[in-house]
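These numbers come from the heavy atoms of this one structure, side chains and all, not from hydrogens, waters or symmetry mates. Along the sequence shown, residues carry numbers from 1.
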Amino acid sequence: MKFMKLGSKPDAFLADGKTTRYVSSELPTDVTIFVGEVKFRVHKFPLLSKSNCLQKLVSKANEENSEEIHLIDFPGGPKAFEICAKFCYGITVTLNAYNVVAARCAAEFLEMTEDIEKGNLVFKIEVFLNSSIFRSWKDSIIVLQTSKSLLPWSEDLNIVGRCIDSIASKTSVDPANITWSYTYNRKLAEVDRIVDDGMKGQKKIDCVPNDWWVEDVCELEIDLYRRVMIAVKSKGRMDGSVIGEALKTYAVRWLPDTVNALASDAHIKRNRSLIETIICLLPSDRTTGCSCGFLLKLMKVAILVGADDASREDLVKRISLKLHEASVKDLLILAQFPQITRYDVDLVHRIVNQYFVHHKFNRDSDDIERSEKGADNLLLGHGSSLNVAKLIDEYLAEIADDPNLLLARFIDLSQSIPEFARPIHDRLYKAIDIYLKVHPNLTKADKRKICGLIDVKKLTTEASMHAAQNERLPLRVVVQVLFFEQVRVSAGVEAQNNNSRDSSSAMTSIDEECPKELDNSKSLKHNVGHMTINEDIQKTQLAKKSSKNSRSGMKLLPSRSRRIFDKLWIVGKGHGEGRSPEMSGSSQSPTSVVPVHMKSSGTYARQRRHSIS
């Protein structure tokens with residue numbers, strides 16, 4: 001810490017109780033000056049020789065035949081006046097970052113300027129401020145902190161402005177050129193460390209991180225902090241991520257940890273001002289700076305303390321741009337009165353809508369470019385939207401067990417996800433299953449509405465098997481699941497058969513093209529024939545295996561679903577092969593080909609649709 005000593009005489013100021021200060025001298029004091037509750041018994045000459053203000057006041061007191069002078073609203077109080085008085089007596093005074101502002105304001109009040117005497121106190125303090133204080137990182141912060149209690153004097157003397165400019169200028173210095181001390185208690189990130197692998201056994205050298213200044217500035221109160229951050233941003237040299245880290249550190253430093261402390265009557269006004277200021281200071285580029293998780297935490301606090309609508313709307317826009325980075329836990333924002341749901345579903349719905357509105361234009365403009373590079377790049381371009389769809393489906397599963405959640409809100413939030421972003425419907429199916437379980441009194445029409453969100457063609461085999469045995473689903477949905485699952489199985493078997501026929505054709509072609517002139521042609525034909533026989537055997541075994549799997553799959557279905565599927569199979573065979581009514585009536589269903597010993601009615605009676613949710 002920088003300091004400056006003025007004067008050389010020993011301290012002659014003594015105390016008489018707590019409210020009286022006097023100068024020990026052979027000459028009696030001839031004037032009493034009241035500063036607040038303390039009175040100073042001093043001599044006129046030393047003070048009048050350096051203070052124009054005291055000259056005027058003493059002259060006025062003489063006219064009134066009084067020896068008392070009252071200094072009303074004196075900046076810095078008795079301590080600051082004592083510094084000025086000692087300077088007038090030539091007594092040694094030490095100025096530092098903690099008392100220099102008070103001394104400067106007091107000297108200004110007393111008009112201790114160059115007009116009265118050369119090298120007066122105002123001049124000496126200004127030299128100290130400009131040559132030492134404002135060149136020191138920590139002293140500038142300390143001076144700025146002490147200046148708050150001395151407003152408006154410190155503001156009028158431009159001490160506050162000069163401190164802020166000094167601090168902002170130092171934050172813009174290249175970290176490689178920083179030589180002063182600073183506070184940094186956070187763990188250094190790997191990218192902020194320089195480690196020479198060849199220096200084993202030697203001292204490792206750490207570089208100065210880009211956010212080295214964050215913790216020291218966090219000690220400022222919100223009003224001064226806001227002005228410092230505005231000055232830092234105005235320099236235009238600070239990366240948005242560092243600004244975001246500074247705001248996050250300040251929020252952690254000053255915002256209470258508990259909900260009760262945040263919303264308490266004693267602190268809610270202060271917390272509201274704090275959160276609104278932090279939101280106002282967020283980087284102008286909404287796509288950089290702060291993580292989505294931090295922004296959502298700010299939103300939770302903003303709702304609790306009743307921040308203004310403009311601040312909340314700004315957060316909604318910022319969160320929507322980074323929604324793909326969020327987690328389900330981040331989105332669980334408690335609803336406020338008069339909402340009856342557990343969580344604020346409407347807010348999440350607004351954020352999702354904002355996200356897809358913003359990404360629609362970008363997606364449309366980028367699709368043309370990516371389509372030229374291939375389908376893989378096109379799918380990669382939708383990666384963030386796929387993440388958002390996954391996030392919302394998991395969020396739906398979390399809120400589905402709320403008995404107060406209206407069906408319309410569940411459906412609206414689900415439908416806010418476009419089709420291209422939800423290639424698999426397993427998570428959506430799980431959320432719907434939970435909702436049906438918690439809301440057993442839904443009408444058939446409501447069940448059809450919510451189940452209409454599911455595209456059975458986008459369910460995996462595992463989810464399809466679960467849905468086929470789920471008693472909470474409408475019968476129509478079960479039929480659709482069974483139908484498309486069988487279509488999927490049939491398509492798989494047909495593809496495998498086509499692959500086998502292609503292999504056999506290739507072998508036959510090789511056999512015909514082999515030159516008959518070669519001496520080993522007979523051996524070659526024998527080998528090819530042997531390979532063809534093996535292919536036929538594999539083909540037969542594959543067909544049997546597929547048939548067996550199909551029959552075993554049908555055994556898992558409950559009796560109602562199996563009877564429905566039998567009818568679908570018969571109708572499908574009749575129309576698919578163009579048979580006559582008689583022929584179609586005699587065709588076998590998948591269950592009719594199961595051996596008799598596998599058709600125990602008792603077994604089917606015990607198998608019922610169920611849910612594992």
What I want to find out is whether [X] reaches [Y] closely enough, with some N-O distance under 4.0 Å, to be called a salt bridge.
X: E155; Y: R227; value: yes
X: R253; Y: E219; value: yes
X: R312; Y: D308; value: no
X: E398; Y: K329; value: no
X: D165; Y: K235; value: yes

Identify each donor-acceptor pair in which a side-chain atom of residues 172-179 lies under 3.5 Å from a protein atom, sequence neighbours left out, and give them as a table.
{"from": "S172", "atom 1": "OG", "to": "A168", "atom 2": "O", "distance (Å)": "3.2"}
{"from": "D174", "atom 1": "OD1", "to": "A176", "atom 2": "N", "distance (Å)": "3.1"}

Picking from V232, N210, T171, what satisfies side chain to side chain contact (heavy atoms under 4.5 Å, CB included) with V242?
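Going through V232, N210, T171 one by one, the side chain to side chain contact (heavy atoms under 4.5 Å, CB included) with V242 is satisfied by N210 alone.
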
Could you tell me if the ring centre of F13 sits under 6.0 Å from that of Y22?
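Between Y22 and F13, which both carry aromatic rings, the centre distance is not below 6.0 Å.
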
Measure centre to centre between the rings of Y184 and W212, then say whether the value is under 6.0 Å.
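No: the rings miss the under 6.0 Å criterion.
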
If only atom types and distance count, is the side chain of [X] paired as donor or acceptor with the main-chain N or O of [Y] below 3.5 Å?
X: T29; Y: V31; value: no
X: D216; Y: Y182; value: no
X: S140; Y: I133; value: yes

Can you pull the salt bridge (charged side-chain N to carboxylate O under 4.0 Å, His left out) pairs that have at least one residue in residues 120-137, sequence neighbours excluded?
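For residues 120-137, and leaving out neighbouring residues, the salt bridge (charged side-chain N to carboxylate O under 4.0 Å, His left out) pairs sorted by first residue read R104-E126, E126-R162.
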
Residue pairs fulfilling salt bridge (charged side-chain N to carboxylate O under 4.0 Å, His left out) with at least one residue in residues 40-50, sequence neighbours excluded:
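Salt bridge (charged side-chain N to carboxylate O under 4.0 Å, His left out) check on residues 40-50 returns K50-E117.
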
Expected list for residues 345-352: side-chain donor-acceptor pairs under 3.5 angstrom, two or more places apart:
{"from": "D346", "atom 1": "OD2", "to": "R409", "atom 2": "NH2", "distance (Å)": "3.4"}
{"from": "H349", "atom 1": "NE2", "to": "N353", "atom 2": "ND2", "distance (Å)": "3.4"}
{"from": "R350", "atom 1": "NH2", "to": "E313", "atom 2": "OE1", "distance (Å)": "2.7"}

Donor on one side chain, acceptor on other, D330 and S327, under 3.5 Å
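Yes.
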
Do N260 and T258 meet the criterion of a side-chain donor-acceptor pair at a distance under 3.5 Å?
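Distance-only check fails for N260 and T258.
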
Can you tell me which residue pairs pass the side chain to side chain donor-acceptor pair (under 3.5 Å) test with a partner in residues 69-91, sequence neighbours excluded?
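Non-adjacent pairs meeting side chain to side chain donor-acceptor pair (under 3.5 Å): D11-K86, R21-E82, H43-Y89, E82-K86.
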
Taking the six-membered ring for Trp, are W137 and W180 parallel (under 30°), tilted (30 to 60°) or perpendicular (over 60°)?
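Because their plane-to-plane angle is under 30°, the rings of W137 and W180 count as parallel.
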
Tell me every residue that passes side-chain hydrogen bond (donor to acceptor under 3.5 Å, both in side chains) with E67, counting only those two or more places apart in sequence or in another chain.
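If we apply the side-chain hydrogen bond (donor to acceptor under 3.5 Å, both in side chains) test to E67, skipping adjacent residues, there are no hits.
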
